[in-house]
Amino acid sequence: VNILGERALVLVAHPDDEVIGCGGTLARLAREGYAVTVAAMTDGVYARQVVLGSAARRWDQFLAVSRLLDFTPVAWKWHVPDNESDGVPRLELARCVEALLAEHRPDVVLTHSRCDLNVDHRRVHEAALVALRPVPGAPSRDLYCFEVPSSTEWGLEPFRPALHVDIGGEPLQLKLDAMDLYAEEVRTEPHPRSRRSLEALAAWRGACCGRQAAEAFEVVRMVR
Ligand SMILES: [Zn+2]
């Protein structure tokens, strides 16, 4: 992780995406002194015609994960039904992200990849791109995109990471422990969100950069 800067903002569609996409990296950022904020757009409850728990339970899980990984949890459009962010004007989402940027002043922003099949993930990605336009006078902010198994690899675009963050040892263990807190989002094998698949992806991303375990990110923008 590039240690330029002190504050990181993570923009996710649903609570659990932060763990699946970058949970090990969040553990490292906290250990390295970053102030980390994770902003979840929706409660993530009404997915795929199945009600996965209640919004209140999901908030409690998000809080528990925030204590484990040491970040500040924020809900920014909590009651948009899952997979229905198409019904929210894009300008409104971008303005929400602009408000988060103004409040948290991040040096680093992590969010979903444009590759994702999940429409909420793509809307969050697009809102981040709009809000983070590098217009003259804008602060320098890095923008990286993580992968979310069962969305990124099921989409149409290839995920092309350029940044690898070593999460071997404790960060990976914290990521897996955090995932256990979202129990109903962990699937059985061979689903991409099974525990075995998450561990296999961490091992593969590590193998891609000569480490035991890693998380991979597309680099959208770095300004130096
Ligand atoms: Zn999601």
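Each ligand, and each atom within it, is numbered from 1 in the order the structure gives. Here, residue 1 is the first one in the sequence, and each next residue gets the next number.
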My understanding is that only residues two or more places apart in sequence, or in another chain, count here; which of them pass salt bridge (charged side-chain N to carboxylate O under 4.0 Å, His left out) with R7?
none
The Zn ion (ligand 1) to nearest N/O/S of D17 below 2.8 Å:
yes
What is the name of the N/O/S atom in H14 that sits closest to the Zn ion (ligand 1)?
ND1
Can you tell me the N, O or S atom of H121 that's nearest the Zn ion (ligand 1)?
NE2
Under the ring pair (Phe, Tyr, Trp, His ring centres under 6.0 Å) rule, collect the residues that match up with F217, sequence neighbours excluded.
none
Please name the pair of heavy atoms, one in G24 and one in I167, separated by the smallest distance, quoted to 0.1 Å.
C-CG2, 3.5 Å
Scanning both residues in full, the closest heavy-atom pair of V19 with K175 reads O-NZ, 3.3 Å
